[in-house]
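Heads up, the thing below is written out as structure tokens.
Order of the sequence lines fixes the chain letters, A, B, ..., with proteins taken first and strands second; residue numbering starts at 1 for each chain.
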Protein chains: 2
Amino acid sequence: MSISEIAKHLKVSKSTVSLVINGKAEEGRISKASAQRIRDYIEEIGYKPNALAKSLATGKSRTIGLIVENIGDSFFGPIALHIEEYLRKHGYQVLYSSTMGDNQLAAEIVQTMLDKQVEGIILAPTDALDSEVERMLKSKMPLVLFDRKIPSLPTNYVGTNNYEASREAVEHLLEQGYGHIGMVTIASQQPQMQDRLRAYQDVLAENGSKEQLLYTSFLDKDENPVKAISKWLKKNPEIDALFFSTNYVCVAGLKAMRKLEREQQLGIIAFDDLELLELMRPQISCIRQPLEKIAKAVVQMLIEQLSDKDKAPSEKIIRSNIQIRESSL
Amino acid sequence: MSISEIAKHLKVSKSTVSLVINGKAEEGRISKASAQRIRDYIEEIGYKPNALAKSLATGKSRTIGLIVENIGDSFFGPIALHIEEYLRKHGYQVLYSSTMGDNQLAAEIVQTMLDKQVEGIILAPTDALDSEVERMLKSKMPLVLFDRKIPSLPTNYVGTNNYEASREAVEHLLEQGYGHIGMVTIASQQPQMQDRLRAYQDVLAENGSKEQLLYTSFLDKDENPVKAISKWLKKNPEIDALFFSTNYVCVAGLKAMRKLEREQQLGIIAFDDLELLELMRPQISCIRQPLEKIAKAVVQMLIEQLSDKDKAPSEKIIRSNIQIRESSL
DNA sequence: CTGAAAGCGCTAACAC
DNA sequence: GTGTTAGCGCTTTCAG
């Protein structure tokens with residue numbers, strides 16, 4: 001059922017119907033009588049406008065693209081939920097996608113979203129998405145990066161104080177008397193991972209302590225991170241504490257330690273909280289990102305960009321809280 | 001940059017350009033020369049078709065709506081990821097939304113998706129979404145429900161063997177010698193929750209055991225499930241084992257038990273696995289739904305419906321696996 | 001107060 | 001081989 005059919009049936013013109021539907025009966029100076037007649041009929045047949053046609057005509061899709069690494073992840077999932085909630089309040093819908101860290105896929109996803117005429121994009125970029133992002137910047141597509149930024153490009157960005165929070169975590173371990181602090185991370189150029197790593201390295205260097213670093217991979221199907229970590233732990237028995245760079249690394253690490261029955265002896269602190277971390281034995285210390293605040297800041301920044309496409313890009317750092325629990329005492 | 005501008009620039013007609021773009025140069029009998037000229041120019045200016053206009057013209061949006069309760073949840077998040085992956089293989093994109101269990105919101109979301117001309121809908125319905133679903137059924141919108149069904153309506157459905165798996169879990173607790181098995185669940189009419197509950201009640205009845213049931217709410221802002229559970233546990237000290245009806249209930253339960261320092265003494269088994277359940281002390285037994293298989297079945301069922309709108313609705317039950325761990329031994 | 005008409009960007013039947 | 005034309009469902013300007 002379309003607007004023309006309604007018009008035909010009621011013997012009025014399409015524009016009259018359109019004005020009524022869009023609540024512009026007043027300014028379109030439609031008579032109360034016609035307006036009511038139209039409204040009644042619409043109600044009766046349960047007419048719903050075709051949003052595609054509307055978007056095409058107006059050039060507004062009321063849709064935002066949200067691209068994350070993995071929607072099933074305990075960081076990105078809840079963030080996505082909150083972003084959706086905030087965007088809804090502003091009348092936008094969300095078209096999500098997960099890149100799984102795959103650059104090529106990420107580029108395709110971006111393109112598909114642009115093809116679908118999204119009005120803005122929220123993006124946790126993959127390692128080498130620079131050229132895509134640059135194109136969006138040039139075309140003035142409203143864009144907010146979060147979690148990780150692209151240092152070479154002036155973009156809107158919301159993130160946390162990765163370096164400082166990580167320093168605090170490692171320093172805390174040192175203060176607790178751990179002398180051989182290892183770090184497990186992923187081999188990634190993502191700036192937030194680099195910051196976490198650099199913090200670890202800096203603190204150890206300042207204290208004359210030796211680095212014990214393990215890079216593991218969750219993309220490479222041939223690698224089993226749990227095995228890699230337990231092998232590394234066995235090979236380096238002097239390690240007495242561990243710093244994990246992100247949630248899924250932590251899970252793998254905990255599994256490895258459990259296998260070796262060593263989680264009671266090692267100091268542990270992880271970047272990112274997980275629902276059950278506080279219920280482990282020992283309860284696991286972590287750096288906790290305020291997910292809802294991040295989501296809120298992201299949406300706010302996007303909305304600003306949406307209303308002023310020439311707004312200068314800005315950065316917002318939402319501080320994480322360090323949660324000291326039993327594992328690092 | 002639009003197809004008309006390209007046509008004008010190259011002094012050919014829109015249809016010629018359109019045919020080339022859609023790889024129909026052959027069947028449209030476009031000369032190799034023109035085709036190449038058009039392809040070159042398209043490449044040069046980086047032309048990308050407007051998917052909205054295309055959808056409007058063809059009546060195909062290549063988009064599927066996915067409506068879950070909470071995209072940040074450890075059940076729905078990973079399922080959504082896999083559904084997205086499978087749908088992508090079939091050339092579809094996904095428009096997700098979370099209902100947060102709110103019926104009104106769910107109805108709005110369904111409508112918005114229909115307005116956007118999605119070609120099919122995958123839905124974990126809220127408690128009373130019958131009329132919306134009925135409307136979709138009438139309009140022959142391809143539809144697959146999952147996790148929970150609507151018993152009164154003949155729909156496609158993918159779910160797990162809630163009743164049998166729950167029976168198995170409760171029977172297992174009985175066999176292990178627990179005599180006072182309690183169950184914590186949510187007050188919900190959702191059939192899958194009802195099945196889990198009924199299984200518990202049946203097994204206890206068959207064994208002449210007394211029910212100890214607690215309904216808690218995660219929607220009501222005034223209620224704190226953790227407190228409610230710990231209060232209930234204190235009031236019923238004879239309870240020696242617990243069956244949790246779903247993931248977030250289990251988390252609340254574990255928190256309550258930790259507060260009371262009782263998780264070592266109680267038998268525990270939960271419906272749904274969580275990433276760290278196997279690392280708790282004790283390791284928590286659970287009923288594990290095969291998420292990827294469920295996602296795959298959902299997509300397959302939808303694809304079938306998409307290619308034959310008159311296909312009779314079918315149901316697919318993916319069996320869950322019971323994971324016996326320390327908490328129930 | 002209301003209708004006619006052009007146009008959003010694309011497809012597809014049909015003519016030449 | 002290629003162009004013309006109508007149309008997808010809507011908005012919006014302008015004329016009356």
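The list of ring pair (Phe, Tyr, Trp, His ring centres under 6.0 Å) pairs with a residue in residues 98-131 of chain A, not counting sequence neighbours, is empty.
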Name the pairs: protein N/O against N/O of nucleotides 14-16 of chain D, kept only if under 3.5 Å.
none

For nucleotides 9-13 of chain C, give me every protein contact, N/O to N/O, under 3.5 Å, one pair per line with atom names.
{"unit_1": "C:dG9", "atom_1": "N2", "unit_2": "B:Ala53", "atom_2": "O", "d": "3.4"}
{"unit_1": "C:dC10", "atom_1": "OP1", "unit_2": "B:Tyr47", "atom_2": "OH", "d": "2.4"}
{"unit_1": "C:dC10", "atom_1": "OP1", "unit_2": "B:Asn50", "atom_2": "N", "d": "3.0"}
{"unit_1": "C:dC10", "atom_1": "OP2", "unit_2": "B:Ile3", "atom_2": "N", "d": "2.5"}
{"unit_1": "C:dC10", "atom_1": "OP2", "unit_2": "B:Tyr47", "atom_2": "OH", "d": "3.4"}
{"unit_1": "C:dC10", "atom_1": "N4", "unit_2": "B:Lys14", "atom_2": "NZ", "d": "2.3"}
{"unit_1": "C:dT11", "atom_1": "OP1", "unit_2": "B:Asn22", "atom_2": "OD1", "d": "3.4"}
{"unit_1": "C:dT11", "atom_1": "OP1", "unit_2": "B:Asn22", "atom_2": "ND2", "d": "3.0"}
{"unit_1": "C:dT11", "atom_1": "OP2", "unit_2": "B:Ser18", "atom_2": "OG", "d": "2.6"}
{"unit_1": "C:dT11", "atom_1": "OP2", "unit_2": "B:Asn22", "atom_2": "ND2", "d": "3.4"}
{"unit_1": "C:dA12", "atom_1": "OP2", "unit_2": "B:Lys24", "atom_2": "NZ", "d": "3.3"}

Cut-off 3.5 Å, no hydrogens considered: what does the side-chain donor-acceptor table look like for residues 289-303 of chain B, sequence neighbours left out?
{"unit_1": "B:Gln289", "atom_1": "NE2", "unit_2": "B:Asp272", "atom_2": "OD1", "d": "2.9"}
{"unit_1": "B:Glu292", "atom_1": "OE2", "unit_2": "B:Tyr86", "atom_2": "OH", "d": "3.4"}

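Contact annotation for A:Lys32: no contact, since no heavy-atom pair falls under 4.0 Å across all strands. The residue B:Lys60 sits apart from the nucleic acid: no heavy atom pair falls under 4.0 Å. Residue-level contact check: A:Ser34 touches the backbone only, with heavy atoms under 4.0 Å from sugar-phosphate atoms and none from bases.
B:Glu315 is linked by a side chain to side chain donor-acceptor pair (under 3.5 Å) to B:Lys149, counting only residues two or more places apart in sequence or in another chain. The side-chain contact (heavy atoms from CB on, under 4.5 Å) search around B:Ala106 returns B:Thr99, B:Thr126, B:Leu129, not counting sequence neighbours.
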Legend entry - Pair A:Gln111-A:Arg135, side-chain hydrogen bond (donor to acceptor under 3.5 Å, both in side chains): steps then yes or no: CA-CA 11 Å; A:Gln111 189 55 56; A:Arg135 272 183 31 212; 2.8 Å; yes

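With A:Glu304 as reference, A:Lys311 is the one residue of A:Lys311, A:Lys316, A:Lys309 to meet the salt bridge (charged side-chain N to carboxylate O under 4.0 Å, His left out) rule.
Contact check, A:Thr16 against C:dG3: a side-chain N or O comes under 4.0 Å of OP1 or OP2.
Rounded to whole angstrom, the span from the CG atom of B:Asp115 across to the P atom of D:dC8 amounts to 19 Å.
With hydrogens and angles disregarded, a donor-acceptor distance shorter than 3.5 Å links the side chain of B:Glu84 to the backbone of A:Ser98.
Relative orientation of the B:Phe146 and B:Phe76 rings is perpendicular, given thresholds of 30° and 60° on the angle between their planes.
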